[in-house]
Amino acid sequence: MTVPPEEPRSAAEFPPVTRDRWRELALGVLRKSGVETGSPEEALASTTHDGVTIAPIYDASDLPGDPGLPGAAPYVRGSRPEGGWEVRQRHEEPDPEAILADLENGVTSLWLTLAPEDLPRALAPVYLDLVSITLDAGKRTGEAAEALFALAAERGVSTPGGGPVALTGSLGADALADARTAVELARRCVRDHPGLRAVVVDATPYHEAGGGDAEELGCSVAAGVAALRTLVGAGLTMEQAFGQLEFRYAATADQFLTIAKLRAARRLWARVAEVCGVSGAAGASGASGVSGAAQRQHAVTSSAMMTARDPWVNMLRTTLACFAAGTGGADAVTVQPFDTRLGLPDAFARRIARNTQSLLVEEAGVARVIDPAGGSFYVERLTEDLAGRAWTWFQEIERAGGGGGMAEALASGFVAERLAATWERHAAAIARRRDPITGVSEFPDLAERPLNRRPRPAGADGNAGSAGVHYAQEFEALRDLADAQKTRPKVFLATIGPVAAHTARASFAANLFQAGGIATVTGGAVTDPGEIAAAFAAGGAKVACLCSSDRLYAGHAEAVAAALRGAGAVKVWLAGKGEFEGVDANLYAGCDALGVLRTTFDDLGVAR
């Protein structure tokens, strides 16, 4: 009797795993798939839309070096050694009841996109010495800041010279758009309000213009350097100028890229501080009158990723983004309500937004661990690669227009052209559903009941209602077009053969057509061309799509296509890649789904 070998009882007893052994196994699988390559790393690697390579495997050899300690340069592991983050809720209306409900239920910081005259009403129930306030008043930033200062003085919260208790937060000045206001507020903060920062370096517009993560980072560094030049040129010390900046970044549902982006952002800004001769972590606390190389970060869940269709899925997107922002070390995090694409969020949506953060902080314990992703081969390497790519882009911006920096690069269209090119690549991936959008380009629900929300005021300027791109915009436009028809457009699915033979491709085809709001009807599990043609005629469709296995296509596709033509089909698609007489075009994984849908609308006589 043969005794089987004893199974390993601990990890140490398993044979060591090496990269060479992985290569050997990966090459075997690739060759069986018909892929001939000498390097499985190259064959299996992917590239982000702005050029950062994502490898299929990482090990200790990919670690870039010592990332430092939390709260210490280069701040990759976080700007604060204690961890945690502010729960910052955004408000677009001067609704004191809504603001109070937030503050009583987990929110610790307010982001107010309000007119200056609305601030007294909005902040009526707020203890200004306990809550961090971030203003976002656009061209009226100076007025909004004065309104906040007046409220603080009226309540005795802060007095000239700092007083016993200081305001905390940010005044939201844009040093590129309004240098004079930024300088005046920075001087005021240094002199009287050491807990406030005057300037926000907002990188979200570059994200919302379609830029990639490395491009968003590079733009933020360039804009930050431009702000430093403005402040120092107006008489602030370099240390004071650094203490006046807060950076705002987009957090997406791609959790690893978001984590790495925030870590890379701190590394990049620490390098700028090093070059400028600024060191120390004092500025990480938010005090604006002291120096510090640690970047103060506000992460906001991406507006571009939010959908108007099946908006409930936005809850999942923002949960992933919030997790990534907290894990990546953001100092403050804003979760946008799930219904923000539809208009002004309601109380339920705001509650879910703040509870998303409370769950991650209190139940999941994300804030209890400093830099949870630290030490991950993938995250550490991705952080370094993003930082390298972003620094190169920053240097290109600095050289643009003869060394004019960010202002010249923006004015000349240099930045816009680069971001547009990246968005074009991203949009192509969305159109082909390589970057799927759940509930929109994948698994749409044509029977979903629309949510109605109050519209934003005309001319409202904010992240949620931004004029930037939305990943789902083209598919949602087709859904709107289909919904506007008196009778919903439809396509007939000619399901050839038994259910087991046609289900996979029929499901694929139905999913694709429904992503454009086009309904599908099926002809049953038959092979007879006459029966299929009769079902097509009875269904009232003008366009048909053959759905079956390759084996059944070989024997039936041409006959069925001919029968459908005879029954009045103006277009015959085939789900798969085979070519057959009578078939006009094919649907397959990776095909241009938007192109298919637009062509189908044209074939159905629906004006676009």
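Note that the coordinates shown come from a computational prediction; the quantities given were computed from them, not determined experimentally. Numbers for residues simply follow the sequence, beginning at 1. We use all heavy atoms of the structure for the numbers below, so side chains are in, but hydrogens, waters and symmetry mates are not.
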Show your reasoning for whether side chain to side chain contact (heavy atoms under 4.5 Å, CB included) applies to Thr600 and Val596.
CA-CA 6 Å; Thr600 302; Val596 170; 4.2 Å; yes

Parallel, tilted or perpendicular: which fits the ring planes of Tyr378 and Phe256, with parallel below 30° and perpendicular above 60°?
tilted

Would you say the side-chain atoms of Arg598 pair up with the backbone N or O of Arg608, donor to acceptor, closer than 3.5 Å?
no

How long is the span from the CG atom in Asn105 to the CG atom in Asn355, to the nearest 0.5 Å?
7.5 Å

List the steps, then state whether side chain to side chain contact (heavy atoms under 4.5 Å, CB included) holds for His193 with Leu171.
CA-CA 11 Å; His193 303 281; Leu171 300 178; over 6 Å; no

Please determine whether a side-chain nitrogen of the Lys or Arg among Arg88 and Glu246 lies less than 4.0 Å from a carboxylate oxygen of the Asp or Glu.
yes

To the nearest 0.5 Å, what is the distance between OG1 on Thr181 and CG on Asp174?
10.0 Å

Plane angle bin for His426 and Trp423 - parallel if under 30°, tilted between 30 and 60°, otherwise perpendicular:
perpendicular

Val366 vs Phe323, test: side chain to side chain contact (heavy atoms under 4.5 Å, CB included). Steps then yes/no.
CA-CA 8 Å; Val366 175; Phe323 170 83; 3.8 Å; yes

So, Gln297 and Arg266: side-chain donor and acceptor under 3.5 Å apart, yes or no?
yes

Taking Asp310 first and then Arg479, would you say they form a salt bridge - that is, a charged N and a carboxylate O separated by under 4.0 Å?
no

How far does OG1 of Thr168 sit from CD1 of Ile133, to the nearest 0.5 angstrom?
7.5 Å

Residues Asp178, Lys139: salt bridge by 4.0 Å N-O rule
no

Apply the salt bridge (Lys or Arg N to Asp or Glu O under 4.0 Å) test between Arg309 and each candidate in Asp445, Asp339, Asp483; give the one that qualifies.
Asp483

So, does Arg453 use its side chain to make a donor-acceptor pair with the main chain of Pro345 at under 3.5 Å?
no

Any salt bridge linking Asp371 with Arg263? Criterion: basic side-chain nitrogen under 4.0 Å from a carboxylate oxygen.
yes

So, for Ala223 and Tyr206, which heavy atoms are closest and what is the spacing to 0.1 Å?
CB-OH, 4.4 Å

Has Arg341 got its NZ or CZ under 6.0 Å from the middle of the six-membered ring of Tyr471, at an angle within 45 degrees of the ring axis?
no

Nearest 0.5 Å, what's the CG-OG1 distance between Asp213 and Thr252?
6.0 Å

Between atom NZ of Lys261 and atom OG1 of Thr383, what is the distance when rounded to the nearest 0.5 Å?
12.5 Å

Go through the side-chain N and O atoms of Gln336 and Ser303 and say whether any donor and acceptor fall under 3.5 Å apart.
yes

List the steps and the verdict of side chain to side chain contact (heavy atoms under 4.5 Å, CB included) for Cys547 and Thr522.
CA-CA 10 Å; Cys547 302; Thr522 58; over 6 Å; no

Once you round to the nearest 0.5 Å, how far does CD of Glu474 lie from CD1 of Ile437?
10.0 Å

